[in-house]
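Working notes for the structure below.
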Amino acid sequence: MQAIFNVVLPVFAIIAAGFACGHYRLLGPDSSEALNRFVYWVALPVLLFRAMATVDIGVVFEPGFLSAYVLGQMLVWLLALFLARTLYGRGLAEGAMHGMSGVYGNTGYMGIPLALAAYGEPAAVPTILVTVINAVLIVAVAAILIEIGQSRGGGLRRLGADIGLSLARNPMLISALLGMVWAATGAPLPGPLDGFTRILGAAAGPCALFAIGLFLVGRPLREGLSEVGCMTVLKLLVQPAVTAVLVLYVFDVDPLWAVIAILMAATPTGAGSFVLAQAYGLYVQRTSSVILISTVLSIFTLSAIFLIYPPSQ
């Protein structure tokens, strides 16, 4: 429980600090958008490049673990799309953000520290692998669905061109792919580049959380509360349950890696979904609300997981 508080409370406090600065108008009315642009175009791409460039390509391809975790995300995302359409009348673009918020966990800033604190160094590889999945696959799928949903028409050729152009201009995808290319060479990052990416990339998480706090000023959390509640349930309860079934009963997964998959699936919605939502100007209020609410409630759901799978140290 202490480990959870040590990780969750700082995340909540950064959001609260952003809210306080926005409430007292310390940074100006456009500060949230400006800060989010910095995260989207600069800090987060640098972070993703470093994460991919320094990963061991040999450990990325664990078929049972990858299949179980990704399939769990896709199944929950499809359910979220269905609910967004049938219950709330949302189109594909907003439904994509509804689904992303239901499967995109805060694995980097909450999942990794929690896993390492609970299960030690052997937990590092699967947690990093899940973070890479979020950074590359989930962002790519969300961007494609949003582009399809916002397509201006013109047939399949125009749609394909719109999607291709959007992905080619998406800094998060391009930086992750460049990092993967670097990792494939097997060369370490040179000292200056390593320091640059480490320092600048470290700003992505805190700045994104701070921007959420700024954005929430003057916007009631009860707006769209039904949708926010649906996304929160999907993220904190449905995704870990589906993932547990897949890693424990369907696929052949190492026991420790199975526990890590369940833990990562139970992390609250990550700030990356807010970054993408604000970049597209889509579903921003509800996305920011679900990040805040799921972060607070994750104290209870993560504690339950640690009761079922006690820490090893």
Side-chain angles (χ1 to χ4, degrees), residues 33 36-37 39-41 44-45 48 52 66-67 69-105 107 130-180 208 215 224 226-228 230-235 238-239 242 265 269-291:
E33 183 176 354
N36 197 73
R37 286 182 175 274
V39 173
Y40 182 76
W41 289 103
L44 191 53
L48 297 180
M52 292 301 301
L66 283 173
S67 300
Y69 195 83
V70 172
L71 180 59
Q73 287 184 309
M74 294 301 106
L75 290 174
V76 176
W77 205 332
L78 287 173
L79 174 61
L81 280 170
F82 174 77
L83 294 174
R85 178 63 178 170
T86 57
L87 295 182
Y88 308 113
R90 297 293 181 181
L92 181 59
E94 290 178 323
M97 286 309 309
H98 188 93
M100 183 180 183
S101 295
V103 301
Y104 184 94
T107 57
V130 168
T131 303
V132 170
I133 292 172
N134 275 345
V136 179
L137 179 63
I138 300 305
V139 172
V141 172
I144 290 172
L145 291 176
I146 291 171
E147 289 296 327
I148 294 174
Q150 293 184 337
S151 174
R152 297 183 295 273
L156 291 177
R157 180 177 297 180
R158 176 62 179 272
L159 176 60
D162 287 345
I163 294 174
L165 182 60
S166 173
L167 296 181
R169 295 184 302 187
N170 189 307
M172 293 189 285
L173 296 180
I174 297 303
S175 61
L177 291 175
L178 290 175
M180 188 177 295
F215 177 81
S226 176
E227 290 172 83
V228 172
C230 178
M231 290 183 284
T232 301
V233 170
L234 288 171
K235 187 69 202 71
V238 178
Q239 189 191 0
V242 171
T269 304
S273 58
F274 174 80
V275 173
L276 196 65
Q278 195 163 55
Y280 278 98
L282 184 74
Y283 220 58
V284 184
Q285 172 64 47
R286 286 158 176 77
T287 302
S288 60
S289 296
V290 74
I291 291 170

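Position 1 is the first residue of the sequence; numbering continues from there.
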Student check: side-chain heavy atoms of [X] and [Y] closer than 4.5 Å:
X	Y	value
T287	L276	no
Q239	L234	no
F274	T269	no
M74	Y69	no
L87	F82	no
N134	V139	no
K235	V290	no
I133	L66	yes

Give the minimum heavy-atom separation between [X] and [Y], together with the two atoms involved.
X	Y	result
L92	L81	CD1-CD2, 4.2 Å
A271	I291	CA-CD1, 3.9 Å
I146	A96	CG1-CB, 4.0 Å
G72	V242	CA-CG1, 3.9 Å
A142	W77	N-CH2, 3.6 Å

Say you draw a straight line from [atom1] of [X] to [atom2] of [Y]; how long is it, rounded to the nearest 0.5 Å?
X	Y	atom1	atom2	value
S288	Y283	OG	OH	11.5 Å
L79	L83	CG	CG	4.5 Å
S273	H98	OG	NE2	12.0 Å
F215	Q285	CZ	CD	5.0 Å
I138	Q73	CD1	CD	3.5 Å

**Pair E147-Y280, side-chain donor/acceptor within less than 3.5 Å** = yes

**Prompt:** Of all residues at least two apart in sequence or in a different chain, which pass the side-chain contact (heavy atoms from CB on, under 4.5 Å) check with T131?
**Reply:**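 Listed in chain order: T107, I112.
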
**Message:** Show me the pairs that pass side chain to side chain donor-acceptor pair (under 3.5 Å) and involve residues 79-91, at least two apart or across chains.
**Reply:**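 Qualifying pairs: Y88-S226, R90-E94, R90-E227.
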
